[in-house]
Amino acid sequence: MKKRMVWRRLRRQVGIGLVFATVAGGLWYFQESEYRDRLTWKGTPEWDSMAPLSWHRVLRNDGFLVGWSDVRVSPLWVSYLLHDDKRSRIAERPDFQRDWRTIWPVQPTGYRGSGYDRGHLAPNYALAAVHGRDAQQASFLMSNITPQRPDLNRRLWQRLEEAVMDHFVPRFDQLLVITGPIFHDDFSRGVLNRVGFVEIPEAFYKILVVPGETPRGLAFMMPQDVKGDEPLDDFLVSIDEIEARTGLDFLPALNAEQQQRLESRIRTEGWGLEQVADLPGRYE
DNA sequence: TTTTATGT
């Protein structure tokens with residue numbers, strides 16, 4: 001008799017709890033996607049459901065988003081918008097910081113003696129100049145950092161980032177940048193190929209998109225072992241190729257026809273690449 | 001005013 005009443009009450013409470021959790025979760029998700037939409041264009045990268053290595057969760061920062069993989073212990077992509085409205089002075093470089101959202105401990109000191117640089121994906125300068133101090137500090141979170149060989153990070157990659165800020169952003173006014181690592185096809189190669197817990201990529205990609213009715217796109221893929229003074233256009237690839245290598249789908253909210261046009265082949269017309277492809281780096 | 005590591 002009494003037992004049945006207790007059961008009924010319990011069931012009702014669980015029911016109310018579930019409804020509450022669902023509503024709260026829905027509200028959270030709604031608000032979170034509003035925040036994300038403000039930081040991107042045509043959605044954030046989505047993963048191929050058949051490829052667990054491309055699964056990730058989104059970390060939201062001031063000025064940029066990070067697709068974080070707890071399997072690779074690495075960001076799979078970062079995404080940020082740039083516009084031609086730069087601050088004239090930017091603050092000093094902050095210290096690298098542990099990001100407590102990553103679960104696996106990735107310490108700022110963890111790269112010491114590894115032969116790899118702590119390479120930014122979302123760059124210090126661009127984030128600081130366009131999005132301000134909080135974004136700059138967030139760019140030094142270890143969730144935004146991947147192991148990069150010094151000749152890539154300080155030379156070729158630096159030249160590409162400089163071309164983005166000094167050439168492409170002024171040229172087009174607004175730019176969406178998606179950038180990230182590319183890993184060896186064979187996951188077993190990555191199990192021990194790590195700096196601390198962080199898997200070491202084979203190469204890196206950077207996708208530039210000019211938002212608009214008929215968007216323009218340009219994409220690069222650069223391996224770890226470069227000298228650093230190569231012409232930037234040696235590394236052009238189609239976005240489709242990057243999708244094939246990463247298991248990610250970029251700009252998922254763009255309609256199929258536009259995606260096909262934008263992603264299937266390399267189109268350099270209008271970018272003025274020849275003006276920047278051979279510019280020397282800042283730290284030769 | 002654009003990158004980092006250095007048992008400094």
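Throughout, a chain's letter reflects where its sequence line sits, starting with A, and its residues are numbered from 1.
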- Close residues, residues 121-133 of chain A, relative to DNA chain B [heavy-atom separation under 4.0 Å]: A:Asn124, A:Tyr125
- Message: Using the P atom as the point on both nucleotides, what is the distance between B:dG7 and B:dT3, in whole Å?
- Response: 22 Å
Distance-only check: which donor-acceptor pairs under 3.5 Å involve side-chain atoms of residues 275-284 of chain A, not counting sequence neighbours?
{"from": "A:Arg282", "atom 1": "NH1", "to": "A:Glu162", "atom 2": "OE1", "distance (Å)": "3.1"}
{"from": "A:Arg282", "atom 1": "NH1", "to": "A:Glu162", "atom 2": "OE2", "distance (Å)": "3.0"}
{"from": "A:Glu284", "atom 1": "OE1", "to": "A:Arg155", "atom 2": "NH2", "distance (Å)": "2.6"}
{"from": "A:Glu284", "atom 1": "OE2", "to": "A:Gly281", "atom 2": "N", "distance (Å)": "2.8"}

- Query: A:Asn153 CG to B:dA5 P: how many Å, rounded?
  - Reply: 8 Å
- A:Gln259 side chain vs A:Leu254 backbone, donor-acceptor pair below 3.5 Å: yes
- Query: Does A:Arg72 have any side-chain hydrogen bond (donor to acceptor under 3.5 Å, both in side chains) partners at least two apart in sequence or in another chain, and if so, which?
  - Reply: A:Glu199
- Query: Taking NE2 from A:His167 and P from B:dT1, how many angstroms apart are they, rounded to a whole number?
  - Reply: 23 Å
- Message: By the side-chain hydrogen bond (donor to acceptor under 3.5 Å, both in side chains) test, which pairs, at least two apart or in different chains, include something from residues 135-145 of chain A?
- Response: A:Asp99-A:Ser143, A:Asn124-A:Gln136, A:Arg133-A:Gln136
- Message: Using whole Å, what does the distance between atom P of nucleotide B:dT3 and atom CG of A:Asp166 come to?
- Response: 12 Å
- Under 4.0 Å: is that the gap between some side-chain N or O of A:His120 and OP1 or OP2 of B:dT4? yes
- Note on the structure: Numerically ordered, the residues 270-284 of chain A set in heavy-atom contact under 4.0 Å with DNA chain B is A:Arg282, A:Tyr283
- Message: Quick check against the 3.5 Å criterion: does A:Thr179 have a side-chain atom that pairs as donor or acceptor with the backbone of A:Tyr205?
- Response: yes
- Message: Rounded to whole Å, how long is the line connecting atom NZ of A:Lys227 with atom P of B:dT3?
- Response: 23 Å
- Query: Given B:dT3, is OP1 or OP2 found less than 4.0 Å from the side-chain N or O atoms of A:Arg155?
  - Reply: no
- Task: Can you run down the side-chain hydrogen bond (donor to acceptor under 3.5 Å, both in side chains) pairs that involve residues 35-54 of chain A, sequence neighbours left out, and say none if there aren't any?
- Result: A:Glu32-A:Arg36
- Query: Whole Å only: how far is the CG atom of A:Leu156 from the C1' atom of B:dT2?
  - Reply: 15 Å
- Does any N or O in the side chain of A:His131 come within less than 3.5 Å of the main-chain N or O of A:Phe64, such that one atom is a donor and the other an acceptor? no
Please table the atom pairs, donor to acceptor, closer than 3.5 Å between any side-chain atom in residues 9-17 of chain A and protein atoms at least two apart or in another chain.
none

- Message: For A:Gly119, is there any backbone N or O sitting under 3.5 Å from a side-chain donor or acceptor partner on A:Asp117?
- Response: no
- Check DNA chain B against residues 170-180 of chain A and give the residues with a non-hydrogen atom under 4.0 Å, in numerical order. none
- A:Asp117 or A:Ile90, whichever maps to the more 5' nucleotide of DNA chain B: A:Ile90
- Item | Residue whose nearest DNA chain B nucleotide is more 5′ - A:Glu161 or A:Tyr116 | A:Glu161
- Task: With heavy atoms under 4.0 Å as the rule, sort A:Arg87 into base, sugar-phosphate or nothing.
- Result: nothing
- Message: Taking side-chain hydrogen bond (donor to acceptor under 3.5 Å, both in side chains) as the cut-off, I'd like each qualifying pair that reaches into residues 219-247 of chain A, sequence neighbours left out, listed once.
- Response: A:Glu202-A:Arg245
Kindly give the atom pairs (protein nitrogen or oxygen, nucleotide nitrogen or oxygen) under 3.5 Å for nucleotides 6-8 of chain B.
{"from": "B:dT6", "atom 1": "OP1", "to": "A:Gly113", "atom 2": "N", "distance (Å)": "3.2"}

- Query: For the pair made of CD in A:Gln158 and P in B:dT3, what is the distance, rounded to whole Å?
  - Reply: 7 Å
- Message: Does a side-chain N or O of A:Arg93 approach OP1 or OP2 of B:dT4 to a distance below 4.0 Å, or not?
- Response: yes
- Item | Main-chain N/O of A:Leu208 paired to A:Arg216 side chain as donor or acceptor, under 3.5 Å | no
- Results of ring-ring contact (aromatic ring centres under 6.0 Å, His included) for A:Phe168 - residues two or more places apart only: A:Trp271
- Give the rounded distance in Å between these two atoms: CZ of A:Arg154 and P of B:dA5. 7 Å
- Would you mind reading off the distance between A:Arg149 atom CZ and B:dT3 atom C1', rounded to a whole angstrom? 16 Å
- Using the ring of each side chain (for Trp, its six-membered ring), is A:His120 parallel, tilted or perpendicular to A:Phe96, with breaks at 30° and 60°? tilted
Just list the side-chain donor-acceptor pairs under 3.5 Å for residues 79-94 of chain A, sequence neighbours left out, or say none.
{"from": "A:Lys86", "atom 1": "NZ", "to": "A:Met165", "atom 2": "O", "distance (Å)": "2.9"}

